[in-house]
Amino acid sequence: MSVEPMRIRAAMVGNVAEVKCLMNHPMETGQRKDAKTGQLVPAHFITTVTATVDGKQVLDAQWGGGISRNPYLAFRVAGVGKGAKVQVNWVDNTGATNSADATVG
Amino acid sequence: MQVQRRNVLKSAGAAGVVGVAMAAGLLKPGMAFANWNKAAFEARSVDAALSAAGLSGAANSGDITVKAPDIAENGAVVPVEVTTTLPNPESIALLGEKNTLPMIASFGLMNGAQGFVSTRIKMGTTSNVRAVVKSGGKLYTAAKEVKVTIGGCGG
């Protein structure tokens with residue numbers, strides 16, 4: 001499955017690094033009915049989001065369909081400075097994956 | 001020089017583990033969310049979701065701030081920000097109390113990740129957005145009511 005790129009930014013906010021990302025994903029809960037057909041739209045959502053800074057894991061998130069379509073996520077990490085490499089990965093319930101990286105600026 | 005090289009090796013090792021895990025996920029899609037807490041995310045009540053996630057019995061805490069709009073015109077996109085000053089936060093869980101499936105997300109934090117997450121959630125109707133924070137092995141909670149004028153779950 002082709003996956004659209006994820007947008008990611010990382011910048012120092014005071015003495016912590018703030019990472020912001022925007023992912024492209026329909027986040028279908030599996031509870032919603034198609035307005036035309038009346039059939040349930042199959043579940044299709046991101047289940048796991050992980051992040052690393054300089055290869056060290058900082059975030060291990062589990063999501064349900066309750067996260068909005070095209071998810072936004074921001075988190076903050078202490079003990080890192082400008083130039084640190086941030087990587088964010090996701091996996092969805094179909095096994096599709098995507099990742100993006102950024103350098104803390 | 002030595003120290004730097006060690007760091008590079010270490011990060012390469014960690015990235016390798018993630019890579020292998022992801023490769024395994026691609027080969028067997030079912031494995032990709034093997035550790036995903038199905039019981040918690042499919043629970044239809046707050047109590048059942050919290051119990052399945054091992055988050056029952058959290059104490060109310062003034063050290064957690066749940067920032068969300070008082071009124072959300074569109075329940076499909078409700079911005080929520082959770083900040084906690086509790087020491088060494090290990091995880092932050094987010095629940096929409098009256099959503100069909102209340103458990104929305106659980107964020108495990110480690111290696112310097114701060115007690116802060118910001119995201120956007122769906123809310124089916126007016127209810128509390130609840131955050132449950134694990135800190136020092138103990139559970140703390142706080143909630144904020146959001147009035148929803150157009151629901152974001154279902155049809």
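Chain letters run A, B, ... following the sequence lines, proteins first and then strands; every chain starts at 1. Only heavy atoms go into these numbers, but all of them, side chains included; no hydrogens, no water, no symmetry mates.
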Problem - Among A:V80, A:V53, A:V58, residue most engaged with chain B (heavy-atom pairs, under 4.5 Å) - result: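 It is A:V58.
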Handout entry: Qualifying residue for side-chain contact (heavy atoms from CB on, under 4.5 Å) with B:R120, from A:L73, A:I67, A:L22
Key =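 Result: among A:L73, A:I67, A:L22, A:L22 is the only option passing the side-chain contact (heavy atoms from CB on, under 4.5 Å) with B:R120.
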Could you tell me the separation between the [atom1] atom of [X] and the [atom2] atom of [Y], rounded to the nearest 0.5 Å?
X     : Y      : atom1 : atom2 : value
B:K38 : A:N93  : NZ    : CG    : 10.0 Å
A:Q57 : B:L109 : CD    : CG    : 10.5 Å
A:L59 : B:N111 : CG    : CG    : 11.0 Å
A:R32 : B:T100 : CZ    : OG1   : 13.5 Å
B:S91 : A:Q62  : OG    : CD    : 10.5 Å

Tell me whether [X] at atom [atom1] has more than 12 heavy atoms from other residues, nucleotides or ligands lying less than 6.0 Å away.
X      : atom1 : value
A:D101 : CG    : yes
B:E73  : CD    : no
B:K144 : NZ    : yes

Practice task
For residues B:V77 and A:S68, report the shortest heavy-atom separation together with the two atoms involved.
Solution key: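 Closest approach of B:V77 to A:S68: CA-OG, 3.5 Å.
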Exercise for the section: Give the minimum heavy-atom separation between B:K122 and A:T29, together with the two atoms involved. Expected result: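 It is NZ-CG2, 3.6 Å.
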Exercise for the section: Would you confirm whether A:D60, through its side chain, and B:G108, through its main-chain N or O, come within 3.5 Å as a donor-acceptor pair? Expected result: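 Checked: no pair found.
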Problem - chain A contacts, top residue of B:I92, B:L101, B:L95, B:I104 (heavy-atom pairs, under 4.5 Å) - result: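 That would be B:I104.
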Exercise for the section: Could you look at B:V78 and say if it's the side chain, the backbone, both or neither that has a heavy atom under 4.5 Å from chain A? Expected result: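 The answer is the backbone of B:V78.
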Check the hydrophobic clustering (I, L, V, M, F, W, Y; side-chain heavy atoms under 4.5 Å; chains of links allowed) and say if [X] and [Y] are grouped together.
X      : Y      : value
B:V80  : B:Y140 : yes
A:Y72  : B:L94  : no
B:L139 : B:M103 : yes
A:F75  : A:V16  : no
A:V49  : B:W36  : yes

Exercise for the section: Would you mind checking which part of A:N70 comes under 4.5 Å of any heavy atom in chain B, side chain (CB onward), backbone (N, CA, C, O), both or neither? Expected result: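 For A:N70, the backbone is the part near chain B, not the side chain.
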Practice task
Determine the interplanar angle of the B:F107 and A:W63 rings, folded into 0 to 90°, and report it as parallel if under 30°, tilted if 30 to 60°, perpendicular if over 60°.
Solution key: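 Correct class here is perpendicular.
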